[in-house]
Amino acid sequence: MIAADRLPHEFNVASHFVDGNVAAGRGARTAFICDGRTLTYADVQDLANRTGNALRALGVRMEDRVLVLCLDAPEFLGAFWGAMKIGAVPIPVNTLMRAADYLYFLNDSRAKVAVISAPLLAEAGPVLGQAPFLEHVLVAGGDAGRHRSFEDAIARAPSALAPAPTSRDDVAFWLYSSGSTGFPKGAVHLQHDMIVCVETYAKQVLGIRESDRVYSAAKLFFAYGLGNAGYFPMSVGAEAVLSPHRPTPDGVFEILARHRPTIFFGVPTLYAAMLAVKDAERRFDLSSLRVCVSAGEALPDEIYTRWKERFGVEIIDGIGTTEILHIFLSNRAGQVRPGSSGLPVPGYEAVIVDDTGQPVAQGEIGNLRVKGDSTMASYWNKHEKTKETLYGPWIQTGDKYWQDADGYFWYAGRADDMLKVGGIWVSPVEVETTLIRHPAVLEAAVVGAEDEGRLIKPKAYVVLKDAGAAKPALADELKAFVKDKIAPYKYPRWIEFVPELPKTATGKIQRFKLRA
Ligand code: 3UK
């Protein structure tokens, strides 16, 4: 789908999703169930309008960036839609990161305002004073400290707001994506991108409809969760269940049993953890589900099979990226080829090419390239990275793939050293540089290793300054050290002490040798 064929030149995507539902007569219908509290579509409009007006009152203008460091709670919806309605650019960021990451996001984006959920202030608060472009902070859902209260600001703001006259190709929002080296890259998404994902994957693969109720364990700040529980249900006037809490297996089962969604979105690690819950199929009634979705990393075929046996519902695996915004290769309900990523989603084309860009023969492994109109315009302020990634209308995802004789796509690893752990990016280089900060460590190399469920987790090979210090207690100390310094989900699950690391003549670590 090409957006220009469907959308008028002047198009404000927030108005489309937020005002559109009220205009369609759905004002009184439930849009979100937030931790037990119901928001109707009229409530969402009121929240977005007031937040847009509050941001404007703080000096936010069209194209200004607004950092959204929010839990899955009303303030996320207000900030995301309200900013876009005034033509400003919300940037949802990962709530599991550390203060140094937030300072980078603030300075790279030059966000003028940050909207922060109160429980996240403990981590982000100390660096806010170091961001020279940040002018105001709105804190939601708790003590605002020395900042402004989000709730006070929106209570004072008017509830009427006309949409800014953006074009279908204006910048709408950014999402940061981690790279193997260097800092995260801001993927710049346009007003039409979410519409493309709705018209292709959401409607044609999921068949999402007004009677659906969705629940996504992946949070709204991920491109995956943003579609799943944000704009997909809003595209048809359906309902979404939001939870600000960490998705534990038991907690997720409880939400599924209590709120009875029709579609559930998870990641392989979570499905594996849920399958490890004894008697879950007898303790929790999952009969409301018509389909489950998995993305973020490849879903092992055993998980698909065991889930279907125990819960009687299929998991459809599909691959998406932050840069393409949502899923572009996917299995289809009733036609799943377990272990594969399925077929191109209608509206997307996919090819597998060699390192010179020529298509490979069927069955051979190569680089995945995808064409579709939800792809980012560029990476913010990273021109070289943009050119390495975009090829005219095509984008190279960094994944290795092969295609079977029936056209199904099979994941065959990354072209770079990046790891997907629980569906979230981990850069081995970042873990290595953190390990090296420990006084006992001389060198470290981090690679992906499979856990008992065939899912990838970081494993560190460590050379100590004093080889005699290699003890299990030191391994535990190093794990805790990494957890303390960078986002905790990145810590190495195993540490192996080695006398030296395999290196090239020029001294580069040969991670492929450690993987083998
Ligand atoms: C990997 C997969 C095999 C792959 C995402 C759904 O994951 C999402 O976006 P990210 O930018 O990561 C993208 C990378 O993750 N990957 C994702 N899904 C699969 N590998 N099988 C899969 N099913 O390396 C890809 O390049 O975090 C997922 C919707 C939107 C998304 N942005």
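The shown structure was predicted, so the numbers you read here are calculated from the model rather than taken from an experiment. Remember, it's 1-based here, ligands and their atoms both numbered in the order they're listed.
With salt bridges taken as basic N to acidic carboxylate O contacts below 4.0 Å, none links R65 and D108. Taking the charged nitrogens against the carboxylate oxygens, R306 and E309 have no contact shorter than 4.0 Å, which rules out a salt bridge.
Y401 and S341 share a donor-acceptor pair across their side chains, judged by distance under 3.5 Å alone. S167 and D169 form no side-chain donor-acceptor contact under 3.5 Å, judged by distance and modelled atom types alone.
Cation-pi contact between K420 and W425: present, with separation from the ring centre below 6.0 Å and deviation from the ring axis of at most 45°.
Annotation: the span from L69 atom CG to E75 atom CD amounts to 10.0 Å, rounded to 0.5 Å.
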Quick check for students: name every N or O atom pair between ligand 1 and the protein closer than 3.5 Å, with distances.
residue: ligand 1; atom: 7 (O); partner: K420; partner atom: NZ; Å: 3.0
residue: ligand 1; atom: 9 (O); partner: T322; partner atom: N; Å: 3.4
residue: ligand 1; atom: 11 (O); partner: T322; partner atom: N; Å: 2.9
residue: ligand 1; atom: 11 (O); partner: T322; partner atom: OG1; Å: 2.5
residue: ligand 1; atom: 12 (O); partner: K420; partner atom: NZ; Å: 2.8
residue: ligand 1; atom: 15 (O); partner: G296; partner atom: O; Å: 3.4
residue: ligand 1; atom: 15 (O); partner: K420; partner atom: NZ; Å: 3.0
residue: ligand 1; atom: 16 (N); partner: G296; partner atom: O; Å: 3.3
residue: ligand 1; atom: 18 (N); partner: G296; partner atom: N; Å: 3.0
residue: ligand 1; atom: 21 (N); partner: A298; partner atom: N; Å: 3.3
residue: ligand 1; atom: 23 (N); partner: D317; partner atom: OD1; Å: 2.7
residue: ligand 1; atom: 23 (N); partner: G318; partner atom: O; Å: 2.7
residue: ligand 1; atom: 24 (O); partner: D399; partner atom: OD1; Å: 2.4
residue: ligand 1; atom: 24 (O); partner: D399; partner atom: OD2; Å: 3.4
residue: ligand 1; atom: 24 (O); partner: R414; partner atom: NH1; Å: 3.3
residue: ligand 1; atom: 26 (O); partner: D399; partner atom: OD1; Å: 3.4
residue: ligand 1; atom: 26 (O); partner: D399; partner atom: OD2; Å: 2.5
residue: ligand 1; atom: 26 (O); partner: R414; partner atom: NH1; Å: 3.2
residue: ligand 1; atom: 27 (O); partner: K420; partner atom: NZ; Å: 3.1
residue: ligand 1; atom: 32 (N); partner: T321; partner atom: O; Å: 3.2
residue: ligand 1; atom: 32 (N); partner: T322; partner atom: N; Å: 3.1

